[in-house]
Amino acid sequence: MPDELSANFVYKYKDTQSSDSSQHTSIGVIFFGTLAKDFSQTVSQGDIVLLSGFTISKSPTEQTDGLHPCLLEMSSTDACVYVYSPNVVVSSLPAVVSSESRYTYVPLNELKPSRIVNVYGLVTFFKQPFPTKGTDYCSTLKITDKSNVKVSCTIFSERLEDHPKIFRIGDIIRLHRVKAQIFNGSMTLLTTLGWSTVTFDGMIDSPIEPRTSSRTFHFGEADKHAVEELRQWAASQLLANESTVPLSSVHPKMFFDLTCQLLAKARMDTRCMLLKVWDGTKCAHPLLNVAVAPDALEGQSSPSQDRENMIANVLVYDNHVEGASKLKPGMFLRLFNLHAVTQRAPEQSADCASSLCFHLHGGTSYGKGLCVLPSESPELQPLKRLLEGHVAVAGEDEVNDATLVDVWYTPPEALGQFQPLHIRAEPSEVVNEDFYTVRTCGHTLQKVSLAHVKSSTAPVVCHVRAKVKSYQPQNLYQCLKLFCPQCTTLMEVPNDEIIARVFQDALRVNQPCGEHWAVTSSVDSIRMHVSCEMVLSNTHTQLLFLQGVTLEEMSVISAAHSNVVPVCSDDERMRLLDFSAPFLFRRDKRYFGCKRCSRSTFVEPEVSGVEIWDEHNVAKALGVQLMQYALLMKFELEDETGTLEALIWEDAERFFQVTAADTSACQDSQDKVQITMDRLHPPGSSMAERPWLDLCLSAYTVEENSNQVCYQITNTEARGNLYTPL
DNA sequence: GCTTAGGATTCG
């Protein structure tokens with residue numbers, strides 16, 4: 001045929017003179033028509049080609065040229081060839097190859113069954129990749145374009161990172177080498193061998209940044225234009241970026257998408273994971289707080305007053321647990337199709353207002369799922385500013401204690417409670433991956449040097465990398481303090497000698513006391529009082545008042561009781577002991593009252609309405625201001641630029657992953673603090689051997705101390721396998 | 001070894 005061009009390209013990867021057909025490493029290929037023309041204009045020597053839609057035929061010239069006995073012959077107009085140049089990846093179809101625009105994108109209304117095509121589209125529906133019954137994960141999505149035709153796409157890949165990074169409806173996706181097919185009467189697209197994808201934000205003015213796991217992908221002016229055009233069209237159609245719902249707009253029973261930061265997570269069971277998240281807004285409905293043992297919780301989420309209704313508890317079920325288990329506190333997430341469920345915590349009675357909890361139900365229907373958003377995403381910036389603002393405000397409220405600095409220098413008294421623990425630490429082995437620190441704050445800050453921190457104006461929050469040059473107190477039992485949240489008094493925990501003396505003083509005036517609210521029984525010189533009202537409600541075994549005991553007797557008796565209050569008598573009236581002694585013994589724990597803020601006279605305890613007695617309601621019933629246990633240490637930090645003294649105080653429990661109250665009584669918690677210190681500052685180690693610590697530092701001024709600038713380590717957790725010997 | 005899925009909730 002005169003108007004038809006033909007070409008015969010022979011690729012010789014290796015020259016061979018042999019006529020033995022098994023030795024042939026080259027074969028002839030025959031193209032016809034426009035494909036032949038386009039191919040001849042596109043290809044260069046050395047390119048790699050991939051052919052499809054060709055048939056094998058006998059070579060008529062085998063006898064004369066001694067080459068391969070077969071030929072590859074283009075069988076129909078469906079045949080296509082892919083040309084891989086060293087630098088650019090070129091895909092070509094019959095009639096579409098051109099030298100200036102090497103990729104051609106087919107509008108969605110022009111798809112033809114069994115064609116392998118490249119397309120651009122706007123995402124109108126998507127699911128996170130889910131495991132199939134086969135070998136791959138599958139992403140299902142639906143896309144549309146200017147033609148307004150909607151096409152479903154199915155993407156298979158066993159590598160999760162190769163799946164399209166779609167974060168929201170309205171994102172723009174580019175697909176290469178996907179096959180058009182009819183399924184159930186509708187056009188669909190399916191990945192084929194060599195497929196690839198890139199996605200873009202669909203917001204009209206956001207930077208055009210391709211999201212892909214591929215390190216080599218083609219992106220030119222034409223792509224930029226395609227994205228811009230789709231964004232324009234989407235905007236005109238009101239299709240673009242359906243926004244997610246802030247916590248402040250969530251109401252019961254709704255399904256919604258949430259953009260948030262992960263604060264903490266905990267495995268509930270094999271099919272359920274708890275995520276504690278926030279987005280910087282306050283929910284109009286009370287939020288449920290799912291209580292979890294502190295050691296089961298990864299990350300930090302202490303409910304505090306000013307964060308009330310800001311921390312959402314999300315229960316993630318079944319297939320979503322796999323993805324959730326990879327999450328780390330601090331990450332930014334998008335949770336798709338969360339269900340706002342009203343429920344009561346187990347301890348809440350039926351007349352209590354129920355609170356909101358969020359469920360990510362099992363399955364993938366309606367796009368249920370979760371994904372991690374890159375921290376630098378432009379759409380996260382407003383959220384991050386909101387969170388940082390909130391963290392800063394919380395910091396100002398909490399870091400205001402002028403007494404900290406003073407108390408630091410008062411010589412601590414020995415308590416004899418911490419047992420120093422000796423760990424074998426070979427100096428050469430101390431730099432160990434078993435120990436490290438992580439910041440759990442939401443700040444996105446560049447790390448700065450200690451010199452930079454010192455030159456900054458407080459208040460400020462900084463991220464640093466430093467080593468511990470020294471720390472105080474060296475005897476760790478001395479880092480345990482008592483703190484009054486009311487008057488901010490900070491004091492040492494009285495030792496047993498002091499407490500025993502208070503008990504002895506009380507014994508000297510051990511007269512009977514007649515309180516109308518109490519019934520009394522006596523064994524020898526020991527008197528036990530219980531509340532009449534509590535006897536009636538059968539809760540009297542929970543709260544005992546003991547008179548005429550020594551500290552030793554008290555310790556034995558309280559070991560078996562939930563709440564025991566030591567009392568004495570004065571003028572036939574019951575009184576509490578001096579506040580140098582604990583006002584309450586709860587099994588192995590002792591609780592102290594603040595001398596300044598507690599009621600000085602003892603009146604009838606207010607016992608109505610309490611079902612379960614703990615240290616808080618005992619203190620309240622007695623008019624006592626409960627003192628909190630707190631850990632206080634001072635680290636001398638060092639980096640290449642200098643040293644800086646930083647307290648570890650408000651976030652000490654977070655840092656050491658213990659509660660201060662536990663360290664007052666529990667050997668395991670004391671050991672944990674000791675081991676942590678031995679990891680970050682091994683005994684006898686040189687600076688070079690100590691680990692670098694990633695720390696979040698808060699700098700603040702103490703007004704009462706001529707505006708002295710103080711530093712605290714905040715939002716930082718010590719991590720690692722502390723129980724592996726170094 | 002060359003399939004898998006092919007949108008459509010609500011349980012915990």
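All chains are named by letter (A, B, ...) in the order of the sequence lines, taking the proteins before the strands, and each is independently numbered beginning at 1.
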Open item on the list: Taking the side chain as everything from C-beta on, heavy atoms only, tell me whether A:Asp223 gets closer than 4.5 Å to A:Tyr105.
Closed with: yes

Open item on the list: Could you check whether any side-chain heavy atom of A:Thr659 comes within less than 4.5 Å of a side-chain heavy atom of A:Ser669, counting everything from C-beta outward?
Closed with: no

- [ ] Using the criterion of both pairing distances under 3.5 Å for Watson-Crick and G-U wobble pairs, give all stems of 3 or more consecutive pairs involving DNA chain B.
- [x] none

Open item on the list: Can you tell me how the ring of A:Phe255 sits relative to the ring of A:His361, calling it parallel under 30°, perpendicular over 60° and tilted otherwise?
Closed with: tilted

- [ ] Classify the ring geometry between A:Tyr103 and A:His218 as parallel (under 30°), tilted (30 to 60°) or perpendicular (over 60°).
- [x] tilted

Please classify the nucleic acid contact of [X] as base, sugar-phosphate, or nothing, using heavy-atom distances under 4.0 Å.
X	answer
A:Asp318	base
A:Cys272	nothing
A:Lys142	base
A:Ser152	nothing
A:Gln181	base
A:Leu141	nothing
A:Asn184	nothing
A:Phe255	base
A:Lys368	base
A:Gly367	nothing

Task: Option among A:Asp145, A:Thr144, A:Ile173, A:Ile143 that satisfies the side chain to side chain contact (heavy atoms under 4.5 Å, CB included) test with A:Leu230 - done: A:Asp145

Open item on the list: Out of the candidates A:Leu315, A:Asn313, A:Leu247, only one should pair with A:Phe358 under the side chain to side chain contact (heavy atoms under 4.5 Å, CB included) rule; please name it.
Closed with: A:Leu247

TODO: Sticking with atom P, work out how far B:dG6 lies from B:dT10, rounded to a whole angstrom.
DONE: 15 Å

Task: Nucleotides bounding contact with chain A, strand DNA chain B, heavy-atom threshold 4.0 Å - done: B:dT3 to B:dG12

Task: Verdict with supporting geometry, A:Lys384 and A:Ser375, side chain to side chain donor-acceptor pair (under 3.5 Å) - done: CA-CA 9 Å; A:Lys384 286 166 108 174; A:Ser375 172; 2.8 Å; yes

Task: Closest-nucleotide ordering on DNA chain B, the 5'-leading residue of A:Ser365 and A:Tyr137 - done: A:Tyr137

TODO: Decide whether A:Arg174 and A:Asn118 meet the rule of one side-chain donor and one side-chain acceptor closer than 3.5 Å.
DONE: no

- [ ] Would you kindly say whether A:Lys276 and A:Asn289 are connected by a side-chain donor-acceptor distance under 3.5 Å?
- [x] yes

